[in-house]
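Worksheet for the structure shown next.
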Amino acid sequence: SPKVIEVGCGTGHWLRQLQHRKINALGIDLSRSMLLHAREKLKGGSVIHARAENLPFGDRTFDRLFCINAHHHFADKLRFFEDARRILRRGGCVMTVALDPHNGTDRWWVYEYFDGTREIDKERYPSCTQIREWMKTAGFTDTFTSEVQHLPGDTEAAEALLNGMVTPGHTSQLAVLTRDEFAAGVERIRAAIQN
């Protein structure tokens, strides 16, 4: 079976999904607190504390490498791809899943009511074009982008407020706002509901 690694595994959600499918995968993350949650969740799965830009493995160790909603956290995004290339065997592949707020196709209540959140995401998340350029620079030859999902635009702001989703901890976009910025967004939602 292929050797698989998740870089930026967080609490181990995707590793657990693979365990259910009898696929063994190793996870790494920089956050020790996230890894504590992952160890509890995985019961026997392996997770390691390490940096994405300095993967502690020998050359040509893995067949598959993936990171889901983590790449934007890496300090040196090109270096990550260079190290990923190093640890992958011939024919190995990388999959990274993330937002691309640069294309402007996502409509989301967070972007609509909380000023600056789309701009914050444009700074935090590299575009798909940039990611492909980094991958080519790192030596990957067949790079492509596939749009698999849009942000869940089916939830209206009023519904999100009613269901307790409008909290600073609900999304990283809301978590980075100041208290005043967050309060102003909540007031915009309430004003829209009343109209």
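These numbers were taken from a predicted model, which means no experiment stands behind them.
- Residue pairs meeting the salt bridge (Lys or Arg N to Asp or Glu O under 4.0 Å) criterion with at least one member in residues 108-120, sequence neighbours excluded: Asp115-Arg188.
- Residues passing the side chain to side chain donor-acceptor pair (under 3.5 Å) test with Lys122, sequence neighbours excluded: none.
- At least one side-chain heavy atom of Val186 sits less than 4.5 Å from a side-chain heavy atom of Phe114.
- Listed by first and then second residue, the salt bridge (Lys or Arg N to Asp or Glu O under 4.0 Å) pairs involving residues 2-22 amount to none (not counting sequence neighbours).
- Residues Arg85 and Gly139 share a closest heavy-atom pair of NE-O, 3.1 Å.
- Formation of a donor-acceptor pair under 3.5 Å by the Asp29 side chain with backbone atoms of Ser31 is found in this model.
- Counting heavy atoms from C-beta on, the side chains of Val4 and Asn24 never come closer than 4.5 Å.
- For Thr171, the side chain to side chain donor-acceptor pair (under 3.5 Å) partners at least two apart in sequence or on another chain are Gln173.
- We find the CE-OG distance between Met95 and Ser146 to be 10.5 Å, quoted to the nearest 0.5 Å.
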Side-chain atoms of residues 175-182: list all donor-acceptor pairs with protein atoms under 3.5 Å, sequence neighbours left out, distances to 0.1 Å.
from, atom 1, to, atom 2, distance (Å)
Thr178, OG1, Glu181, N, 3.1
Thr178, OG1, Glu181, OE1, 3.3
Glu181, OE1, Thr178, N, 2.8

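- Closest approach of Thr145 and Cys128 over heavy atoms only: CG2-SG, 3.4 Å.
- Annotation for Leu42 and Gly12: closest pair CD2-O, 3.9 Å, computed over non-hydrogen atoms.
- To the nearest 0.5 Å, atom CD1 of residue Ile189 and atom CD of residue Glu159 are 12.0 Å apart.
- Legend: residues meeting side-chain contact (heavy atoms from CB on, under 4.5 Å) with Arg60, ordered by chain and number and at least two apart, are Arg89.
- When all heavy atoms are compared, the tightest approach of Arg51 to Ala75 is NH2-CB, 3.7 Å.
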For Met34 and Val47, run side-chain contact (heavy atoms from CB on, under 4.5 Å): C-alpha distance rounded to whole Å, both residues' side-chain angles, the deciding distance at 0.1 Å, then the answer. CA-CA 10 Å; Met34 293 278 202; Val47 292; over 6 Å; no

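- Taking hydrophobic clusters as Ile, Leu, Val, Met, Phe, Trp and Tyr residues chained together by side-chain heavy-atom distances below 4.5 Å, Met165 shares a cluster with Leu99.
- Atom CG of Asp100 sits about 11.0 Å away from atom CD of Gln130, to the nearest 0.5 Å.
- The CD atom of Gln19 sits 10.0 Å away from atom CD of Gln17, with the distance rounded to the nearest 0.5 Å.
- Listed by first and then second residue, the salt bridge (Lys or Arg N to Asp or Glu O under 4.0 Å) pairs that reach into residues 65-81 are Arg79-Glu82, Arg79-Asp83, sequence neighbours excluded.
- Residue Asp142 places its CG atom among 12 or fewer non-hydrogen atoms of other residues, nucleotides or ligands, all under 6.0 Å distant.
- Atom OG in Ser172 sits 9.5 Å away from atom CD1 in Ile120 (nearest 0.5 Å).
- Not counting sequence neighbours, the partners of Thr167 by the side-chain contact (heavy atoms from CB on, under 4.5 Å) test are His170.
- When hydrophobic residues (I, L, V, M, F, W, Y) are linked wherever their side-chain heavy atoms come within less than 4.5 Å, the members clustered with Leu55 are Ile5, Val7, Leu26, Ile28, Ile48, Phe57, Phe62, Leu65, Phe74, Leu78, Phe80, Phe81, Ile87, Leu88, Val94, Ile131, Trp134, Met135, Phe140.
- In this structure a side-chain-to-backbone donor-acceptor pair under 3.5 Å is present from His102 to Tyr125.
- In the hydrophobic clustering of this structure, Leu162 does not group with Trp109; members are Ile, Leu, Val, Met, Phe, Trp, Tyr whose side-chain heavy atoms approach within less than 4.5 Å, directly or through other members.
- Each of Leu15 and Ile68 belongs to its own hydrophobic cluster when Ile, Leu, Val, Met, Phe, Trp and Tyr are linked at side-chain heavy-atom distances under 4.5 angstrom.
- Interatomic distance, Leu161 CG to Glu156 CD, rounded to the nearest 0.5 Å: 12.5 Å.
- Scored by the side chain to side chain donor-acceptor pair (under 3.5 Å) test, Arg32 finds His49 as partners (sequence neighbours excluded).
- For residues 123-140, every residue pair satisfying the salt bridge (Lys or Arg N to Asp or Glu O under 4.0 Å) rule, not counting sequence neighbours, is listed here: Asp121-Arg124.
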Go through the steps for Cys93 and Asp63 under the test side-chain contact (heavy atoms from CB on, under 4.5 Å), then give the verdict. CA-CA 7 Å; Cys93 60; Asp63 301 292; over 6 Å; no

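- The hydrophobic cluster containing Leu36, built from Ile/Leu/Val/Met/Phe/Trp/Tyr side-chain heavy atoms closer than 4.5 Å, comprises no other residue.
- Pro56 approaches Ala50 most closely through the heavy-atom pair CD-CB, 3.6 Å.
- The shortest non-hydrogen separation linking Gly10 to Ala38 is O-CB, 3.6 Å.
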